[in-house]
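A short worksheet on the structure shown next.
Lettering of chains follows the sequences in order, A, B, ..., and the numbering in each one begins at 1. What's counted below: heavy atoms across the whole structure, side chains too, no hydrogens, waters or symmetry copies. Here the structure is a predicted model, which is why all the values come from computation and not from measurement.
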Protein chains: 2
Amino acid sequence: MAPTLRDVALRAEVSLATVSRVLNGSTRVDPALASRVRTAADELGYRANLLARGLRRQRTDIVGLVVPQVANPFFAGLMQAVSRHLQQSARTVLLADAEEDLDLERQVITRLADHGVDGILCAPVSERGSAVAAAEVAARVPLVFLDRSAADVEADTASVDQRCGIALVLEHLAEVCGARPSTRLISASPVDSVARARCEAYADAVIEGLVDDAAPPLLGEFTVDWGREAVAGLIADGAPPQALVCGNDLIALGALAALGERGVRVPDDIVVTGFDDVGFATLAVPPLTTVRQPLDALAATATDLLEQRMANGGCPPRCELLRPELIIRASTAVTR
Amino acid sequence: MAPTLRDVALRAEVSLATVSRVLNGSTRVDPALASRVRTAADELGYRANLLARGLRRQRTDIVGLVVPQVANPFFAGLMQAVSRHLQQSARTVLLADAEEDLDLERQVITRLADHGVDGILCAPVSERGSAVAAAEVAARVPLVFLDRSAADVEADTASVDQRCGIALVLEHLAEVCGARPSTRLISASPVDSVARARCEAYADAVIEGLVDDAAPPLLGEFTVDWGREAVAGLIADGAPPQALVCGNDLIALGALAALGERGVRVPDDIVVTGFDDVGFATLAVPPLTTVRQPLDALAATATDLLEQRMANGGCPPRCELLRPELIIRASTAVTR
DNA sequence: TATCGTCGTGAAAAGGTTTTCTTCCTGTCG
DNA sequence: CGACAGGAAGAAAACCTTTTCACGACGATA
């Protein structure tokens with residue numbers, strides 16, 4: 001049904017090879033023939049079959065982007081940033097959502113490889129759980145970790161210095177609340193590399209005595225609901241700390257809502273911080289102090305790493321670490 | 001490099017055809033051969049080349065999903081719902097983001113078609129602007145409009161009854177604010193079909209005298225920033241209405257923030273409604289009264305329509321209209 | 001003028017599958 | 001005991017491009 005190269009060749013009365021050459025501009029061809037080909041192609045509404053092209057060229061100009069959860073605005077933002085960067089290098093982006101599900105992630109990522117993508121950018125769902133799937137795929141296709149990474153997989157990584165981010169938060173808290181403020185961490189179980197890094201950084205800071213937290217961290221998921229739930233438990237137990245350090249903005253937003261419902265005033269009664277600086281952080285009441293991840297730089301770095309990997313596969317994997325930035329808003333604006 | 005069907009055939013000492021048959025289970029083959037093939041395939045780590053398969057079969061089992069903006073949580077949710085439904089029919093979903101950009105949308109959607117997707121679900125950026133691209137693609141590939149639609153394009157459509165949604169809102173306002181309350185619409189320019197439908201429904205309700213709104217609607221974009229800006233202007237002009245009817249939740253969230261910053265109390269001083277019921281609507285202060293779109297039903301309907309279209313192409317296009325639901329929260333909880 | 005190099009074009013192979021068609025073998029029925 | 005039906009496996013075509021290779025013509029140089 002759809003016109004093929006052959007149809008164009010027939011109509012323009014040239015060979016298939018010539019049509020291909022005209023349309024791809026690979027070699028010089030007689031201008032007269034060229035224009036004949038072009039009009040023929042236009043008249044037929046010819047469109048190259050990308051499957052056939054990919055098969056022949058062994059290259060599709062597609063890169064896949066796998067995120068753990070589109071519904072998380074941080075990843076939605078990341079997707080957008082990455083898409084933008086890849087568009088510039090004339091590549092098609094294939095977005096894929098793992099929905100925080102290991103099986104689905106494996107399916108999705110191997111499927112991408114099977115479809116012959118030239119490279120994959122991946123923020124794995126779990127540091128350990130995603131490792132085998134990631135390793136398998138990385139053996140077939142250039143793969144770069146983005147934001148999160150998987151354990152024991154030799155691959156380039158572009159991520160943000162979580163330790164630095166946590167340090168920025170805690171130093172800020174020490175500043176506004178006084179030395180060694182009592183704090184509590186509400187975050188996600190350290191299944192993914194980012195959650196782990198944040199937990200560890202926080203734990204280390206506690207050991208170093210930067211803040212005071214005798215209680216164990218409250219670990220659930222990176223969701224609004226978990227933020228709500230954690231705060232509900234915390235308030236029910238009584239004796240809340242001076243500051244709530246939330247593992248990401250979603251948790252913080254949930255926490256703020258739960259505190260508000262219970263009549264606990266922020267920042268007067270308790271101070272709250274987030275992590276990521278998603279768009280809604282400014283809308284929270286009060287607006288959320290948080291750590292902004294350099295989305296654009298992250299995307300740029302990851303795509304750069306991937307481009308280089310696709311160009312010359314041999315070189316040893318590199319890890320790029322970007323510095324985040326503290327964004328101070330009203331949720332920590334105590335007046336002492 | 002990657003092992004091919006040929007390699008498997010060589011190792012199992014059978015023909016290519018047999019390997020293909022075993023791996024696809026299309027015909028009965030001798031169990032002994034079958035197991036030889038299977039072990040050979042396993043040992044080599046064989047993976048079918050989906051490009052080649054698609055080329056030969058003229059079918060890829062992929063459907064594309066094009067949304068106008070992933071960063072809009074409504075569409076993020078829609079993507080998730082659709083993905084889930086399509087996964088069940090053993091299809092791969094290709095997510096694509098048009099970033100509210102007509103050129104990009106055209107590129108993305110034609111690229112999907114070029115890649116041989118079996119069908120496309122699309123929420124077009126603009127009712128008129130997307131029409132030509134949509135029509136072109138619809139001529140090549142089964143296409144179903146989802147949520148939004150494009151003008152004068154013959155295609156199945158699964159959408160939500162916006163008129164009904166607006167009616168629910170306005171009736172509710174009349175109930176809580178008294179008959180013919182003074183209202184003002186803040187929404188997006190009627191570029192896309194949904195924005196237009198909401199505007200028209202509102203305008204009609206004004207004409208019918210359900211609410212009282214002499215001033216022209218404030219039309220910008222479906223964004224938080226526009227909500228903020230519109231309220232800023234509104235307050236600066238003085239004489240705000242009793243109720244703000246926002247075209248979607250993002251606008252409403254922006255409006256709530258702006259009102260809060262200016263010390264205008266919601267719902268006491270002014271009442272605010274949204275549309276979509278995105279996750280963050282419950283987190284707003286106060287929680288937002290809004291119209292919930294039946295995301296799951298929408299996804300189910302759209303995928304059904306697409307499946308049928310892909311099965312028997314001939315039948316005339318159908319339009320399915322789903323009913324939304326009013327979710328009443330504190331932003332309209334006036335006590336009179 | 002003869003030869004070499006260059007440039008532009010067509011023929012054909014290759015890329016990896018699926019599927020039709022052919023062939024061969026076995027088993028059954030007449 | 002022979003012929004035919006039926007099932008299973010292999011050979012080859014087809015899907016649509018790109019790209020290598022070969023070929024012929026032309027211009028330039030010796």
Side-chain angles (χ1 to χ4, degrees), chain A residues 1-38 40-41 44-62 92 110-111 113-118 140-141, chain B residues 1-38 40-41 44-62 92 110-111 113-118 140-141:
Chain A
M1 188 57 227
T4 121
L5 209 57
R6 187 191 172 74
D7 300 321
V8 180
L10 251 45
R11 175 173 263 250
E13 295 179 307
V14 296
S15 73
L16 278 87
T18 303
V19 179
S20 173
R21 281 191 275 252
V22 171
L23 267 32
N24 294 304
S26 47
T27 320
R28 290 205 60 73
V29 335
D30 187 312
L33 289 198
S35 85
R36 240 163 61 205
V37 167
R38 259 185 268 275
L44 291 172
Y46 170 75
R47 302 251 73 206
N49 180 324
L50 265 34
L51 264 59
R53 171 179 294 172
L55 178 60
R56 169 66 227 216
R57 280 211 188 139
Q58 300 288 77
R59 185 166 56 80
T60 53
D61 293 329
I62 303 179
T92 300
T110 52
R111 200 119 185 192
D114 289 350
H115 273 292
V117 296
D118 294 343
R140 303 204 279 144
V141 169
Chain B
M1 187 58 227
T4 119
L5 209 59
R6 187 191 172 75
D7 300 321
V8 179
L10 252 45
R11 175 173 262 250
E13 294 178 307
V14 296
S15 74
L16 289 169
T18 302
V19 179
S20 173
R21 282 192 274 252
V22 171
L23 267 31
N24 294 305
S26 47
T27 320
R28 289 207 58 73
V29 336
D30 188 313
L33 288 198
S35 84
R36 242 164 59 205
V37 167
R38 260 186 269 276
L44 291 173
Y46 170 75
R47 303 250 72 206
N49 181 325
L50 264 35
L51 263 59
R53 171 178 294 172
L55 178 60
R56 169 64 225 215
R57 280 209 186 142
Q58 299 289 77
R59 184 166 58 81
T60 54
D61 293 327
I62 304 180
T92 301
T110 52
R111 201 119 183 191
D114 290 349
H115 274 292
V117 297
D118 294 342
R140 303 203 277 145
V141 169

| said: Please check this pair: side chain of B:Arg11 against backbone of B:Ala40, looking for a donor-acceptor N/O pair closer than 3.5 Å. | reply: no
| query | What is the distance from NE2 of A:His115 to P of C:dG15, rounded to the nearest Å? | reply | 22 Å
| Most 5' of B:Glu13 and A:Tyr46 on DNA chain D, judged by nearest nucleotide | B:Glu13
| task | Nearest whole angstrom, please: distance from the C1' of C:dG16 to the CG of B:Leu23. | result | 13 Å
| Over how many whole Å does the gap from A:Arg57 atom CZ to C:dA13 atom P extend? | 22 Å
| request: Would you kindly give the CG-to-C1' distance between B:Leu5 and D:dA11, to the nearest whole Å? | output: 14 Å
| Rounded to whole angstroms, how far apart are CG on A:Asp114 and C1' on C:dT17? | 13 Å
| task | Starting at atom CG of B:Leu16, determine the distance to atom P of D:dC15, rounded to an integer number of angstrom. | result | 18 Å
| said: I'd like to know if the side chain of A:Asp118 reaches the main chain of A:Thr60, judged simply by a donor and an acceptor atom lying under 3.5 Å from each other, with no hydrogens or angles considered. | reply: yes
| B:Thr27 backbone acceptor or donor facing B:Arg21 side chain under 3.5 Å | no
| request: Select base, sugar-phosphate, or nothing to describe what A:Leu33 touches, counting heavy atoms under 4.0 Å on all strands. | output: sugar-phosphate
| request: Kindly say whether, by distance alone, the side chain of B:Arg47 makes a donor-acceptor pair under 3.5 Å with the base of C:dG16? | output: no
| query | For A:Thr4, does its backbone N or O pair with a side-chain atom of A:Asp7 as donor and acceptor, under 3.5 Å? | reply | yes
| Is any side-chain nitrogen or oxygen of B:Ser20 closer than 4.0 Å to OP1 or OP2 of C:dT18? | yes
| Taking atom P of C:dA14 as reference, at what distance in whole Å does atom CG of B:Asn49 sit? | 17 Å
| note | Nearest heavy-atom contact between B:Leu23 and B:Tyr46 is CD2-CE2, 3.6 Å
| Using 4.0 Å as the upper bound for N to carboxylate O, is an ion pair formed by B:Arg47 and A:Asp114? | yes
| Donor-acceptor pair present, B:Arg21 side chain and D:dG10 base, under 3.5 Å | yes
| said: Is B:Arg28 close enough to D:dA8 that one of its side-chain N or O atoms is under 4.0 Å from OP1 or OP2 there? | reply: yes
| said: With a 4.0 Å cutoff (strictly under), does any side-chain N or O of A:Asn24 reach OP1 or OP2 of D:dT18? | reply: yes
| task | Tell me which nucleotide among D:dA9, C:dT19, C:dT17 gets nearest to the side chain of B:Val29. | result | D:dA9
| task | Tell me which of B:Thr18 and B:Leu51 sits closer to the 5' end of DNA chain C, going by the nucleotide each one is nearest to. | result | B:Leu51
| said: I want to check one thing: is the phosphate of D:dA11, taken as OP1 and OP2, less than 4.0 Å away from some side-chain N or O of B:Ser15? | reply: no
| task | Give a yes/no on whether any side-chain N or O of B:Gln58 is located under 4.0 angstrom from OP1 or OP2 of D:dA14. | result | no
| task | Send over the distance from A:Arg6 CZ to C:dA11 C1', rounded to a whole Å. | result | 13 Å
| query | Nearest nucleotide by nearest heavy atom, which residue falls closer to the 5' end of DNA chain D, B:Pro31 or B:Leu55? | reply | B:Pro31
| said: Please compare B:Arg59 and A:Arg56 by the position of their nearest nucleotide in DNA chain C and report the one closer to 5'. | reply: A:Arg56
| remark: Regarding the side chain of B:Asp30, the nearest nucleotide among C:dG15, D:dG10, D:dA8 is D:dA8
| Would you say A:Arg53 reaches D:dT18's phosphate, i.e. side-chain N/O to OP1/OP2 under 4.0 Å? | yes
| query | Taking the side chain of A:Ala17 as its heavy atoms from C-beta onward, which of C:dG10, D:dC15, C:dT17 lies nearest to it? | reply | C:dG10
